[in-house]
Every structure is written in structure tokens, then in C-alpha cells.
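Contents: one structure, followed by commentary.
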Protein chains: 2
Amino acid sequence: MPVPPSGPPLGLQLAETARTVSRAFDEALSTVGGSRPAWQILMALKNRPTANQRELATAVGIRGATLTHHLDAMESDGLLTRRRDPNNRRVHLVELTERGERSFHTMREAAVAFDQRLRRGLPPEEIERLSELLARLRDNVTDEEDGTDHSTNRH
Amino acid sequence: MPVPPSGPPLGLQLAETARTVSRAFDEALSTVGGSRPAWQILMALKNRPTANQRELATAVGIRGATLTHHLDAMESDGLLTRRRDPNNRRVHLVELTERGERSFHTMREAAVAFDQRLRRGLPPEEIERLSELLARLRDNVTDEEDGTDHSTNRH
DNA sequence: TATTGTTATACTCTATAACTATA
DNA sequence: TATAGTTATAGAGTATAACAATA
């Protein structure tokens with residue numbers, strides 16, 4: 001079985017980078033009292049105000065029960081409210097509070113600062129290139145049209 | 001406060017890519033009965049056979065207690081043995097068993113296959129470039145010589 | 001019955017603190 | 001006392017399964 005001659009497995013480098021960077025990113029957020037899940041949920045809410053939870057969970061990439069878990073914490077922190085949709089009382093509309101707005105902006109600043117740190121020494125073309133490469137990696141790992149059998153229906 | 005004009009925060013894209021790719025990588029390993037921590041520990045062991053646990057933990061980037069946790073599982077799976085170092089009986093030497101060797105090779109194949117999937121459509125120069133960019137990102141996030149105050153002595 | 005969300009429970013990875021055994 | 005490792009415990013993030021409320 002021919003093995004690619006290229007150096008250390010890309011997957012490994014990537015996993016390592018992923019871990020290192022994610023850790024630093026999480027830490028940057030927790031410094032301002034945030035967390036990655038909260039940040040992603042807040043962003044999803046900014047994109048679609050008064051979203052229901054199914055939409056949110058999908059946007060954030062987690063399961064409904066996991067979302068509930070985070071929303072409970074964020075609600076008791078006063079970042080958001082949940083209320084029934086009058087049109088369909090099964091649906092809970094999630095909305096940001098004033099405090100949630102402020103928290104979002106604070107986290108956004110932390111994320112931007114983190115970005116600047118991350119970009120140090122990388123000219124814009126490189127950033128652009130990296131951005132494309134990352135998108136490509138996501139696609140490569142998400143798609144399943146490639147002949148080989150990963151019998152993994154995405155969970 | 002000037003904010004970089006560039007699109008979606010790089011940190012976010014990266015976190016998202018990291019999560020997606022890490023998840024897929026973890027799944028690729030678990031398909032062959034492995035896991036990321038086990039894989040990293042096995043690799044560290046291949047690099048320095050009969051390492052002690054302090055060295056291993058450092059190589060893998062986790063705490064001693066966390067390593068013990070994983071080693072317990074791997075030992076009861078028969079992948080490795082721990083025995084006292086006769087020269088310094090405080091030290092536990094960790095060594096791969098036959099079965100550990102096999103497991104390593106299986107995981108390595110899974111990692112290589114994952115890599116090929118990850119590389120799809122990326123010519124070697126791009127991979128090389130990506131590899132450098134990733135290293136750069138790790139450095140940017142690991143270093144602390146940049147004026148700003150992250151009072152984070154690396155844990 | 002189907003859909004939306006919650007509750008109960010558990011798993012994985014990680015960590016800190018207190019402990020044991022050596023030195 | 002200092003060092004190597006383990007045990008006890010906890011916390012964050014995630015998941016599945018069973019449930020309640022609504023349609």
C-alpha cells in the first residue's frame with residue numbers, strides 16, 4: 001500500500017494546531033467571562049434574531065439537548081430570554097437581553113484581538129490563502145463523495 | 001478603535017475548522033478502536049521508547065494525572081506495560097506491547113487515510129504552504145513576546 | 001403521530017489537590 | 001524535603017434516550 005512521501009501527517013499537524021489554537025481561543029474568551037459555545041450561540045443569535053432552538057443548534061453544530069444545556073447557563077447569567085412563540089407554542093424563541101448584547105460585544109472584541117495575535121507576521125494574501133485552505137479542509141472532511149467507504153452518516 | 005477590514009474573524013474560521021476536522025479525525029481513529037489521546041501517546045512512545053511518564057505527558061501536552069488516566073485504559077487494553085525503573089524506582093517506564101505496536105500501526109494507517117482525504121484537491125505546494133501557515137499560527141498563539149499582556153504562564 | 005424542547009444520565013478529556021512511594 | 005506517579009474529585013462540553021407539551 002503506497003504511502004504518501006510527505007512529512008509528518010497533515011492530520012496530526014492540524015490536530016495539534018487545532019488543539020493549541022482552540023485552547024488559546026477558549027482562554028481568550030474566558031478572560032472576558034465568555035466561552036466558545038456561548039460565543040457561537042451569541043453569534044448565531046445576531047445573525048438570526050428570535051431564532052428557535054432547532055435553528056440555533058444547527059447553526060452552532062450541536063444537538064438540541066446540548067444547546068438547552070448552554071442556554072440554561074446563559075439564561076441564568078441574564079444573557080438571553082426564552083419565550084413561547086405565540087404562533088406555535090411548541091417553539092421557544094430565544095432573544096438577547098441588553099446584557100447579552102454587551103457580552104456579545106465584549107467577546108467580539110476578544111475574538112478580534114485574538115485574531116490580530118493570530119495574524120502576526122502574516123500578510124493579507126497569506127491570510128486569504130489560509131482562509132481558503134481551511135474552507136477546503138472543512139469540505140474535504142465533511143463531504144462523503146469520494147469513493148472510499150466511510151459509512152459514517154453524519155451523526 | 002480600528003478593526004481589521006478582513007471578513008469573518010480568522011479565529012472563528014479556525015475554531016470551526018479545528019472542531020470539524022478534529023471531530024472527523026477522532027472519528028477516523030475511533031473507527032479502528034483508537035482515540036486521539038491514545039494515538040498521541042503511542043506516537044510519543046515510538047519516538048522515545050521506554051519513556052517515563054513525565055516526559056510522555058510533556059510530549060503529549062497534558063498533565064500527569066491526565067496521562068495516568070489514559071495509560072490506565074491503554075494498559076487494561078493490553079497496549080502497554082508500566083514497570084519500575086530499576087535505577088530509580090520512583091520512575092515508571094512505559095513500554096509498548098506487541099499489541100500496542102499493532103494498534104499503533106492500525107491507527108497510523110487510519111491517520112494516513114484521513115490525511116489523504118484531507119488533502120483531496122490540494123497540490124503539494126499548497127500542502128506545504130498550509131503546513132507552514134499552521135506552524136505559524138501555533139507560534140503566534142504560543143509565544144508571549146508581543147507587548148500585550150497575556151499574563152498566562154503556559155499552564 | 002410528529003415536532004419542539006427539557007430532563008436524566010453518561011461519556012470523554014481535562015484539571016487540581018491530596019496522597020503514596022521512593023529518593 | 002523533593003520528585004514520580006496515583007487516586008479522588010470535579011468541571012466543561014458533548015451525546016443519547018425518555019419524557020412533556022403542543023400541534
Side-chain angles (χ1 to χ4, degrees), chain A residues 15-16 18-20 22-27 29-30 33-41 50-77 80-95 152-155, chain B residues 15-16 18-20 22-27 29-30 33-41 50-77 80-95 152-155:
Chain A
E16 186 50 30
R19 208 189 44 160
T20 305
S22 290
R23 227 175 238 194
F25 187 57
D26 291 352
E27 191 185 314
L29 289 177
S30 79
S35 70
R36 183 176 42 70
W39 163 239
Q40 290 186 269
I41 290 166
T50 76
N52 71 41
Q53 296 188 199
R54 246 177 37 79
E55 291 170 341
L56 279 182
T58 302
V60 172
I62 57 181
R63 292 312 179 94
T66 304
L67 180 64
T68 296
H69 177 70
H70 294 303
L71 290 183
D72 286 349
M74 295 171 75
E75 189 170 30
S76 61
D77 284 351
L80 50 82
T81 58
R82 280 179 282 192
R83 63 182 176 81
R84 300 257 183 197
D85 182 343
N87 300 324
N88 178 349
R89 290 183 42 77
R90 284 178 303 194
V91 169
H92 289 200
L93 297 177
V94 178
E95 290 167 319
T152 60
N153 17 18
R154 60 194 70 179
H155 15 243
Chain B
E16 185 51 30
R19 207 190 43 160
T20 306
S22 290
R23 226 174 240 195
F25 187 57
D26 290 352
E27 191 184 313
L29 288 177
S30 80
S35 69
R36 184 177 44 69
W39 165 238
Q40 289 186 270
I41 290 166
T50 77
N52 72 41
Q53 296 189 199
R54 248 178 34 81
E55 292 171 339
L56 278 182
T58 301
V60 172
I62 58 180
R63 292 313 180 92
T66 305
L67 180 65
T68 295
H69 176 71
H70 294 303
L71 291 183
D72 286 349
M74 294 171 75
E75 189 170 31
S76 61
D77 284 353
L80 49 83
T81 57
R82 279 180 281 194
R83 62 182 177 84
R84 300 257 183 197
D85 182 344
N87 300 323
N88 178 349
R89 290 184 42 75
R90 286 177 303 192
V91 169
H92 289 199
L93 298 176
V94 179
E95 290 168 318
T152 61
N153 17 19
R154 58 195 73 179
H155 14 244

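Order of the sequence lines sets the chain letters (A, B, ...), proteins ahead of strands, with each chain counted from 1. These numbers were taken from a predicted model, which means no experiment stands behind them.
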B:His70 side chain near C:dT12 phosphate (N/O to OP1/OP2, under 4.0 Å) = no
Report yes if at least one side-chain N or O of B:Arg84 is closer than 4.0 Å to OP1 or OP2 of D:dG5; otherwise report no.
-> no
Does any non-hydrogen side-chain atom of B:Val94 lie less than 4.5 Å from one of B:Leu56?
-> yes
Between D:dT6, D:dA15, D:dG13, which one does the side chain of B:His92 approach most closely?
-> D:dT6
Of all the nucleotides listed (D:dT6, D:dG13, C:dG5), which has the minimum atom distance to the side chain of A:Arg54?
-> C:dG5
The nucleotide from C:dC13, D:dG13, C:dG5 with an atom nearest the side chain of A:Val91 is C:dG5
Would you indicate whether the side-chain heavy atoms of B:Ile62 and B:Gln40 approach each other to under 4.5 Å?
-> no
Let me know, please, whether A:Pro37 or A:Asn88 comes out on the 5' side of the other along DNA chain D by nearest nucleotide.
-> A:Pro37
Value in whole Å for how far the C1' atom of D:dT6 lies from CZ of B:Arg82 = 9 Å
Would you indicate which nucleotide in C:dT14, D:dT14, C:dT6 comes nearest to any side-chain atom of A:Arg36?
-> D:dT14
Taking for each residue the nucleotide of DNA chain C with the nearest heavy atom, is it A:Leu93 or A:Arg19 whose nucleotide lies nearer the 5' end?
-> A:Leu93
Which part of the nucleic acid, if any, lies within contact of A:Leu67, taking any heavy atom under 4.0 Å across all strands shown: a base, the sugar-phosphate backbone alone, or nothing?
-> nothing
Rounded to whole Å, CG of B:Leu56 lies from C1' of D:dA4 at a distance of 13 Å
Provide, to the nearest angstrom, the distance between the CG atom belonging to B:Asp72 and the C1' atom belonging to D:dG5.
-> 10 Å
Would one find a side-chain N or O of A:Arg90 under 4.0 angstrom from OP1 or OP2 of D:dA21?
-> no
Rounded to the Å, how far apart are B:Arg23 CZ and C:dC13 P?
-> 14 Å
More 5' along DNA chain D: A:Pro86 or A:His69, using each one's nearest nucleotide?
-> A:His69
Test item: B:Glu55 and B:Asn52 side chains (from C-beta on) under 4.5 Å apart, heavy atoms | yes
In whole Å, what is the span from the CD1 atom of B:Ile62 to the C1' atom of C:dA15?
-> 11 Å
If you check every side-chain atom of A:Ala65, which of D:dA15, C:dT7, C:dT14 has the closest atom?
-> C:dT7
Do the side chains of B:His92 and B:Thr68 get nearer than 4.5 Å, heavy atoms only?
-> no
Of all heavy-atom pairs between B:Thr50 and B:Leu93, which one has the smallest distance, and what is that distance?
-> O-CD2, 3.7 Å
Over how many whole Å does the gap from B:Met74 atom CE to C:dC13 atom P extend?
-> 11 Å
Short side-chain N/O contact from A:Thr66 to OP1 or OP2 of D:dA15, under 4.0 Å | yes
Could you state the CG-P distance from B:Asn52 to D:dT3, rounded to the nearest angstrom?
-> 14 Å
Tell me whether the OP1 or OP2 atom of D:dT16 has a side-chain N or O from A:Arg63 closer than 4.0 Å.
-> yes
Using the side-chain contact (heavy atoms from CB on, under 4.5 Å) rule, take B:Arg36 and B:Val60 through it: C-alpha gap first, then chi angles, then the decisive distance, then the call.
-> CA-CA 10 Å; B:Arg36 184 177 44 69; B:Val60 172; over 6 Å; no
Winner on side-chain proximity to A:Arg89, out of D:dG5, D:dT22, D:dT6, is D:dT22
Would you kindly give the CG-to-P distance between B:Leu71 and D:dA4, to the nearest whole Å?
-> 16 Å
Can you tell me if the side-chain N/O atoms of B:Gln53 get under 4.0 Å from OP1 or OP2 in D:dT6?
-> yes
